[in-house]
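Below, all heavy atoms of this structure are taken into account, side chains as well, without hydrogens, waters or symmetry copies. Position 1 is the first residue of the sequence, and the numbers go up from there.
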Amino acid sequence: MPEKKSDPVAKSGAQEAAPPPLVECALLVTASAEGERDSAVAQACEGAWEFAEAHGIHVQEVALETLLDDVPGFLNTATHWVVIGDDAVMLKAIDAAEAHEAGLGLVPVGRPTRCQSFYDLPGDTASALALAFRAPASGIDVLRCNGELVQGQAAIGDVPFLDRRGHAVVHAQDRLWRRWAIAARLFWTAARRVFQIAPSMVRLHLNREDNPRRCAVTGIVLLENDVENVAGRLVGEGLSARDGRLTALLVAPTSIVRYLGFLLATVFARKSNGRLPGALSYVKTERLVIESDRELEYRIDGTRRRGKRIEVTVNPQGLRLNAGARFDGMAGPDETGKDTLKLGNLPENEARLALIRHRLPLFTHALEEDFKDLFLLLKDSARIGPDYFTLSILSALIGTLGLLLDSAAVIIGAMVLAPLMAPIICVSMAALRRDVQLLKPALVAIGAGVGLSMAFAALVAILIPMRMVNPEIEARLEPSLLDLGVAVFSGVAGAYAYARESVMRSLPGVAIAVALVPPLAVIGIGIGWWDPRIMLGASLLFATNLVGIALAGAFTFMVLGYGPVRSAKHGLIYPTLAAVVVAIPLALSFMRMHVVWQAENTLRDQAFMLESGPVRLEATQVRYIDGTLHVRADVYAAQWPGPETLRDLRGHVAEAVGRPVQLDVTPRYRY
């Protein structure tokens with residue numbers, strides 16, 4: 001027998017590495033006899049004969065059907081098969097090779113085949129032949145779904161772009177604009193039918209568990225060799241075709257919002273960071289049985305099937321196949337034999353299953369134990385006691401002194417101490433659930449805190465003989481819709497922090513953002529000075545914060561599932577009406593703010609040509625009072641402006657801003 005030559009596929013730059021051994025004899029398997037082949041198959045067969053002759057390999061050619069009729073007889077001739085053809089030919093050969101433990105090399109012909117993608121086979125015939133004639137070093141796992149071979153993956157139910165449709169997303173990862181374009185298209189396609197998705201109640205029989213898990217899923221992806229898609233990216237580097245385990249991703253959202261979040265997370269997933277999106281669970285086991293009372297639609301490598309019972313098994317390293325470089329170095333069976341179960345996101349609770357049995361709700365509903373824990377936390381937070389009184393008084397004293405000192409740092413300290421956020425969040429939950437027992441103590445706590453804060457702030461204002469409206473006080477006298485926006489987002493943050501124990505430490509930041517104590521301190525200062533303008537302006541700001549937090553907190557609790565949407569709308573009527581009432585003066589204030597901004601922007605460094613010469617306005621400040629713009633500015637002119645010049649200037653300024661103007665100017669000279 002001639003001496004075997006080195007394999008060109010094995011040359012990887014390391015000259016000292018020994019080339020993989022080639023087989024001594026092989027069966028050359030094609031779909032048909034020699035005279036019936038197409039040109040591509042004939043050319044590949046000719047190349048196979050030339051390769052075998054060059055490397056001293058004994059080859060016998062046989063048609064696939066002839067081989068399948070007498071596999072044991074042909075195994076006496078050669079235990080390694082080199083199969084040339086399309087997917088259908090290779091699929092039959094894989095079935096037979098697994099059943100009879102024959103070695104297998106695949107040479108795809110024609111357009112790129114699924115086998116070429118699944119098993120990472122070379123694209124050119126010469127390299128594919130060099131790989132096919134190797135002696136298989138180790139086998140790869142064989143996954144079967146209800147007895148059918150799964151080469152790439154099987155998908156059960158609704159698995160948006162976790163199947164082969166996700167290849168486009170993965171391949172576009174390196175080009176930002178392509179990724180966004182493909183992601184938007186796929187996301188829109190999946191989101192359009194989101195209200196039609198219904199969970200399937202299934203029973204999962206895992207390998208080593210005696211009792212089945214009863215749960216609700218919208219889809220399941222079973223991975224084998226097709227890891228170059230979104231599902232493979234989510235699982236990460238733990239995938240192996242030689243570990244004797246099947247890998248299953250279970251899509252189990254508890255609401256439409258959670259499902260949409262899952263879509264976004266999967267579309268933009270680059271690679272696993274050890275955490276799965278909230279609607280996904282993950283199983284790695286030897287055997288999985290999925291049962292349902294109604295027929296489930298599933299697809300095996302794109303081929304549609306239906307059934308009430310789907311049994312998935314894996315034959316560890318049952319196929320002695322020469323696969324591509326992607327399979328090199330894959331981990332073998334785990335010596336511990338333990339399954340990997342990441343089922344924390346899987347809805348199994350009976351109360352949860354009852355909520356999503358027929359369709360997905362818009363928001364995830366909180367369960368009874370969630371209500372109990374949160375209610376206890378809210379009631380405890382809103383309880384009036386010595387600590388509550390002490391913090392209310394201290395925060396009011398510190399806030400008042402900070403306002404009089406015009407010190408933002410001192411005011412922030414008062415915001416952190418203020419205990420008012422907790423009872424307002426209680427009002428949000430009470431309004432949502434229409435719970436009078438929770439509402440009464442919360443309102444009492446708010447009333448006590450407000451009364452103490454204003455009383456002690458007024459006392460400080462009376463005792464200190466200094467009455468000057470500084471910028472910190474002035475800033476809280478004309479609230480606008482922007483302040484309502486701050487209150488709304490702070491209410492969202494506060495409710496979310498109470499509902500999620502892990503972010504409770506963020507509450508000081510929420511308290512600083514919403515600033516409940518400063519307006520109360522300003523009201524107290526207004527009472528001490530008996531200034532109606534200060535009292536009314538700060539009262540509007542506090543009412544804005546109170547209503548905004550309560551309404552946004554109630555809506556956030558509804559989104560988090562602590563109140564059904566149908567019943568929650570009745571509880572949200574009063575907070576919404578209060579917000580509308582408060583928003584009217586805030587909108588007027590915002591309009592005044594916009595007028596002032598426009599005027600300042602128009603007059604900034606503006607020069608006017610008067611009869612007496614050019615006049616420039618600098619350091620312009622504008623206030624809007626009773627429909628008139630009060631403009632204060634420095635006037636630069638060539639000569640001292642007299643009454644006629646100032647009247648002329650006022651007319652030009654009024655014409656520029658389009659409103660009546662009152663001028664308060666300071667003449668200045670520049671040499």
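Between the side chain of R214 and the main chain of L204, no donor-acceptor pair closer than 3.5 Å is present. With hydrogens and angles ignored, the 3.5 Å screen pairs a side-chain donor or acceptor of N345 with a backbone N or O of L280. Remark: the backbone N or O of V202 is not paired with any side-chain donor or acceptor of S200 at under 3.5 angstrom. A donor-acceptor pair is defined here as one N or O able to donate and one able to accept, closer than 3.5 Å; such a pair exists between the side chain of N322 and the backbone of L131. Remark: the backbone N or O of A325 is paired with a side-chain donor or acceptor of D120 at under 3.5 angstrom. Using a distance-only test at 3.5 Å, with no hydrogens or angles considered, a donor-acceptor pair links the side chain of S281 to the main chain of L346.
Looking at heavy atoms from C-beta onward, L91 lies in side-chain contact with Q151 at the 4.5 angstrom threshold. Put simply, the side chain of D87 does not reach to within 4.5 Å of the side chain of Q116, judged on heavy atoms. Looking at heavy atoms from C-beta onward, V283 lies out of side-chain contact with L249 at the 4.5 angstrom threshold. Looking at heavy atoms from C-beta onward, I94 lies in side-chain contact with Y119 at the 4.5 angstrom threshold. Between K284 and K342 there is no side-chain heavy-atom pair separated by less than 4.5 Å. Side chains of L376 and D380 form no contact here, defined as non-hydrogen atoms less than 4.5 Å apart. Under the 4.5 Å side-chain criterion, counting only non-hydrogen atoms from C-beta, L551 is not in contact with V488. Within the 4.5 Å cutoff, side-chain heavy atoms of L319 are placed close to those of L104.
Heavy-atom neighbours of F489 CZ from other residues, nucleotides or ligands within 6.0 Å: at or below the threshold of 12. Counting heavy atoms of neighbouring residues, nucleotides and ligands inside a 6.0 Å radius, atom CD of E101 does not exceed 12 of them.
To the nearest 0.5 Å, atoms CH2 (W81) and CG (L75) are separated by 5.5 Å. Put simply, CZ on F74 and NE2 on H100 are 12.5 Å apart, with the number rounded to the nearest 0.5 Å. For the atom pair CD1 of I197 and OG1 of T218, the computed distance is 6.0 Å after rounding to the nearest 0.5 Å. Taken to the nearest 0.5 Å, the CG atom of L143 stands 7.0 Å off from the OG1 atom of T313. We find the CE-OH distance between M429 and Y498 to be 11.5 Å, quoted to the nearest 0.5 Å. Between L121 atom CG and L321 atom CG the span is 7.0 Å, to the nearest 0.5 Å.
Here the closest non-hydrogen pair linking C115 and M90 is CB-CE, 3.7 Å. Contact detail for G244 and E286: the closest heavy-atom pair is O-CG, 3.8 Å. For P199 against R294, the heavy-atom pair with the smallest separation is O-NH2, 3.9 Å. The minimum heavy-atom distance linking A216 with A252 is given by the pair O-CB, 3.4 Å. Across L22 and A130, no two heavy atoms sit closer than the pair CD2-O, 4.2 Å. For the residue pair A26 and V82, the shortest heavy atom distance occurs at CB-CG2, 4.3 Å.
A donor-acceptor pair shorter than 3.5 Å cannot be found between the side chains of Q317 and D141. Side-chain N/O atoms of N146 and Y298 include a donor and acceptor closer than 3.5 Å. Counted by atom type alone, T285 and R245 present zero donor-acceptor pairs between their side chains at under 3.5 Å.
Of the charged side-chain nitrogens involved, none lies within less than 4.0 Å of a carboxylate oxygen, so that E98 and R320 do not count as a salt-bridged pair. A salt bridge links R306 with E297: at least one charged nitrogen is closer than 4.0 Å to a carboxylate oxygen. A salt bridge links R203 with D293; the closest basic N to acidic carboxylate O contact falls under 4.0 Å. D339 has no carboxylate O lying under 4.0 Å from a charged side-chain N of R287, or vice versa, which leaves the two without a salt bridge.
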Would you check, one step at a time, whether the test side-chain contact (heavy atoms from CB on, under 4.5 Å) holds for V251 with D158? CA-CA 8 Å; V251 184; D158 185 86; over 6 Å; no
Between S255 and L360, does the side-chain contact (heavy atoms from CB on, under 4.5 Å) criterion hold? Intermediate values first, please. CA-CA 5 Å; S255 66; L360 290 178; 5.7 Å; no
Step by step, would you call I256 with R258 a side-chain contact (heavy atoms from CB on, under 4.5 Å)? CA-CA 5 Å; I256 291 175; R258 182 66 63 88; over 6 Å; no
I310 and I156: CA distance, side-chain angles, deciding distance, side-chain contact (heavy atoms from CB on, under 4.5 Å) verdict: CA-CA 9 Å; I310 303 172; I156 303 170; 3.8 Å; yes
Run the numbers on E311 and R144 for salt bridge (charged side-chain N to carboxylate O under 4.0 Å, His left out), then give the verdict. CA-CA 8 Å; E311 181 177 1; R144 291 191 177 273; over 6 Å; no
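In this pair, F51 and F133 present their aromatic rings parallel. The plane angle is below 30°, not in the 30 to 60° band.
None of E291, R213, R309 except one satisfies the side chain to side chain donor-acceptor pair (under 3.5 Å) rule with H205; the exception is E291.
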